[in-house]
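First the structure, in the form of structure tokens, and then the observations on it.
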Protein chains: 4
Amino acid sequence: MTAATAGADKKPMSKSKAEILDAAAEVFMKLGADTASIDDVARHLGATKGRIYHHFPSKGVLLAEVCLRAADFVHEVVGPAVDASATPEANLRRMIALHIPEILRTLPYHKVIIQSYVGMNQKSTTALERELFDRIRVERRQYEDIFRNILKAGIEDGSFREQNLSIALQSVLLLINAPVFWYKPRKNEPTNFVADLTDQLADMAVSALR
Amino acid sequence: MTAATAGADKKPMSKSKAEILDAAAEVFMKLGADTASIDDVARHLGATKGRIYHHFPSKGVLLAEVCLRAADFVHEVVGPAVDASATPEANLRRMIALHIPEILRTLPYHKVIIQSYVGMNQKSTTALERELFDRIRVERRQYEDIFRNILKAGIEDGSFREQNLSIALQSVLLLINAPVFWYKPRKNEPTNFVADLTDQLADMAVSALR
Amino acid sequence: MTAATAGADKKPMSKSKAEILDAAAEVFMKLGADTASIDDVARHLGATKGRIYHHFPSKGVLLAEVCLRAADFVHEVVGPAVDASATPEANLRRMIALHIPEILRTLPYHKVIIQSYVGMNQKSTTALERELFDRIRVERRQYEDIFRNILKAGIEDGSFREQNLSIALQSVLLLINAPVFWYKPRKNEPTNFVADLTDQLADMAVSALR
Amino acid sequence: MTAATAGADKKPMSKSKAEILDAAAEVFMKLGADTASIDDVARHLGATKGRIYHHFPSKGVLLAEVCLRAADFVHEVVGPAVDASATPEANLRRMIALHIPEILRTLPYHKVIIQSYVGMNQKSTTALERELFDRIRVERRQYEDIFRNILKAGIEDGSFREQNLSIALQSVLLLINAPVFWYKPRKNEPTNFVADLTDQLADMAVSALR
DNA sequence: AATGAATGAGATTTCATTCAT
DNA sequence: CATGAATGAAATCTCATTCAT
């Protein structure tokens, strides 16, 4: 079972579209979204370009929908976990505890979306692509705001050190996304590797803020 | 004065080459190294492709030399700062205090090298390109090792928490490179912004490890 | 009511086919027969390609049938109007008086057939398409011959100036088709605009020949 | 000697560009601008697409420049011929006497521009293309105005019949462009064929207006 | 050292057409 | 009858690279 077909989305997505997105995420991850051609994606699907273009009007839109999906995955898992009655630290730990396994489960999507953070490659995009990338930006902002609010609350109630909020936020977000940069799933991986990694990163994040 | 022309290198570099590297870093940063064409770089230089091809045999080599320069910049500044007689924490703080201003000074280069971390975009490279990218990998490994040794020493002497060394290392490295992802120089920037940023990140890094 | 459904043909045409032809004429007119895709026609119909392919085996045949219809429209209206006992000038006037309103009534069809006069756009056609385009050529030739005979009679009986018959014929035919190039129906069009236009063009044609 | 290289333009045009325009006009004429591919044009040149794209940024621009050239050809020959002191009829005859040979000399260009009159194929055009087509429209309008003024003067001084000016103008313009639709140069063409054709069309045009 | 023309390989995209349902 | 998915061929366009000057 693949990441995309596993995810439960608001708008149900045709199986064919989800399969294409999974393949695109995989191929874009491996080769880089720019280097990978639509033919590469099609080959990975065992189909022709035509199938992809039947569902996505351009490579840019395909890429955007992969990124949108990446943003959705974590948002839907982590968003509902915030507990207004819990302490900021408890909330942050719970959020990280959900975030890390989710990005590892849907790793290819996140490997692709971080490419779009470092290379803001807009040479000539269509209106639809711009709209999609705007939505991605909005989703990302919303996701950041969940963390920003927790950090702010923590600073205000003294559980986190007095510090520049934006810098702290960006640093924590990058910290909990760090595995996207280096993680490679292995067969002989220790059973509790993900759990340990999650604990360590939660510890680091909380300590870094205190 | 630009980053490249400012930097003092082992092998002196012709002014023309340095100018081209600066332009390439800028353009690769803005458009992404894949999206940017050699013509884009030439246009930014106010020249034509010929000038670039006169100094660099291929786009891949140009990109590699930009990345190599990025690695060199921090390596040369941070490397000599390690003091065998100082505590791990003191060393780490000193290293970060040098690292952050340097990456901000030479930001475009680091925005480019980061791209090569997220997308393994080498489809078919020449021998020279492979050699250069190997050198980059070696330099990066060496730079990481400086930090790894400090972290290891800190864990052993108890000043840092017991934890998975690799995860800690990757996390700290990403933390101190975080500004590359979000920093944008501004005119009305507070005078001591860089100093404050450096302090905060050093605090976060050290706390995260403790 | 549309042009196609209004026309009374020898072979009765299914309503569906006529609707498709009307839509095709409209879309081919607006975008050009080459530029317009079958999908464009289908969209204009509020249907999908399948509906079109159910009735027409290929785009070439669809185009050919639009052109054939264009030729039929004027042929059927003007052909029977020739009166062997009338003078050439009277015949010519009567023919023009029928021709002009008819091409304005079925304008999209004629905008399409004109395209096929200026660009010989047949790269590789099927046997059926070739057969249809042959029939169009024959019809056109027959229609031209009606005029050619009138002109010839007029030159012979002295009512028209002595002149190269072919040049005169082509010129008159283009003259009476001129509105296809520039006419655009308007809401606030004077009631007798078409009648006046018809008169003026008949006058011009007859004078041009005298 | 080809049409393009023969023409004397305000802005001198590189020989290479002129050659490409000549080839494009020829190929667009034969196959239709839509049907003809850039490869077809390149093949006719004995070169590759690259050469064409080095000089023209898109097929649309190439087509536009062919059309612009078509408009320029007649404009530059006929424009200066108007003599304010001559009668409208004399002016019209002189203009036609220059117009006809010029369109036959540069026939392919005019076969192409005519295509753009009947198929207003704008599906997605770039800003540059739109600008060029605007310039074509302006040139065309200016050329028409030369004739419009003559016709108006003729109607006012009574040498031409009282009639709708716009209809008369469009009809005369189409009449004098009629050969573009049917003329095919032949080897065994009578020596004075062009002269005779010119005379006959001038006679027809003047008579049509009287 | 640098330019401008040209090439060739490959990428994106379009679209007529077929087919299963 | 009609749809939606899919194909395959071709078209437009890009661009790293080479070369003559």
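Values below: all heavy atoms of this structure, side chains included; hydrogens, waters and symmetry mates excluded.
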Inset, instruction - Could you verify whether a donor N or O on one side chain and an acceptor N or O on the other, from C/Thr48 and C/Arg43, lie under 3.5 Å apart? - result: no
Legend entry - N-O pairing of A/Asp72 and A/Arg69 below 4.0 Å: no
Just the rounded figure in Å: distance from [atom2] of [N] to [atom1] of [X].
X	N	atom1	atom2	answer
C/Lys59	E/dC15	NZ	C1'	8 Å
A/Ile38	E/dT12	CD1	P	6 Å
A/Glu19	F/dA6	CD	C1'	13 Å
B/Tyr53	E/dG4	OH	C1'	15 Å
C/Asp40	E/dT14	CG	P	12 Å
D/Glu129	F/dT12	CD	C1'	11 Å
A/Leu31	E/dG10	CG	P	15 Å
C/Phe56	E/dA16	CZ	C1'	16 Å

Legend entry - Opposite nucleotide pairing with E/dT21, Watson-Crick or G-U, both atom distances under 3.5 Å: F/dA2
Legend entry - Counterpart base for F/dC13, defined by Watson-Crick or G-U wobble contacts under 3.5 Å: E/dG10
Inset, instruction - State whether the side chain of C/Lys59 and the backbone N or O of C/Ala33 hold a donor-acceptor pair below 3.5 Å, judged by distance alone. - result: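 Indeed, once roles are kept as given, a pair shorter than 3.5 Å links the two residues.
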Legend entry - Comparing D/His55 and C/Ser37 on DNA chain E - which has the more 5′ nearest nucleotide: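 It is D/His55, whose closest nucleotide lies nearer the 5' terminus.
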Legend entry - Residue whose closest nucleotide on DNA chain E lies nearer the 5' end, D/Thr48 versus C/Gly60: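 Nearer the 5' end of the strand: D/Thr48.
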Legend entry - Any side-chain heavy-atom pair of C/Lys111 and D/Val118 under 4.5 Å: no
Inset, instruction - Please confirm whether any donor atom in the side chain of C/Lys49 sits under 3.5 Å from an acceptor in the base of E/dT17, or the reverse. - result: yes
Inset, instruction - Name the closest nucleotide to the D/Ala47 side chain, picking from F/dA2, E/dA2, E/dT7. - result: E/dT7
Legend entry - Nucleotide of F/dA11, E/dA6, E/dA11 approaching D/Ser16 most closely (side-chain heavy atoms):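 In terms of side-chain proximity for D/Ser16, the closest of F/dA11, E/dA6, E/dA11 is E/dA6.
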Legend entry - Earlier contact from the 5' end, DNA chain F, for B/Ser58 and A/Arg51: A/Arg51
Legend entry - Nearest-nucleotide 5' precedence on DNA chain F, A/Ile52 against C/Gly46: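 Result: C/Gly46.
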Legend entry - F/dA5 phosphate, OP1 or OP2, under 4.0 Å from A/His54 side-chain N/O: yes
Legend entry - Steps toward side-chain contact (heavy atoms from CB on, under 4.5 Å) verdict (B/Leu62, B/Leu21): CA-CA 7 Å; B/Leu62 177 60; B/Leu21 283 174; 3.9 Å; yes
Inset, instruction - Just call it for B/Ala42: base, sugar-phosphate, or nothing, with non-hydrogen atoms closer than 4.0 Å on any strand. - result: nothing
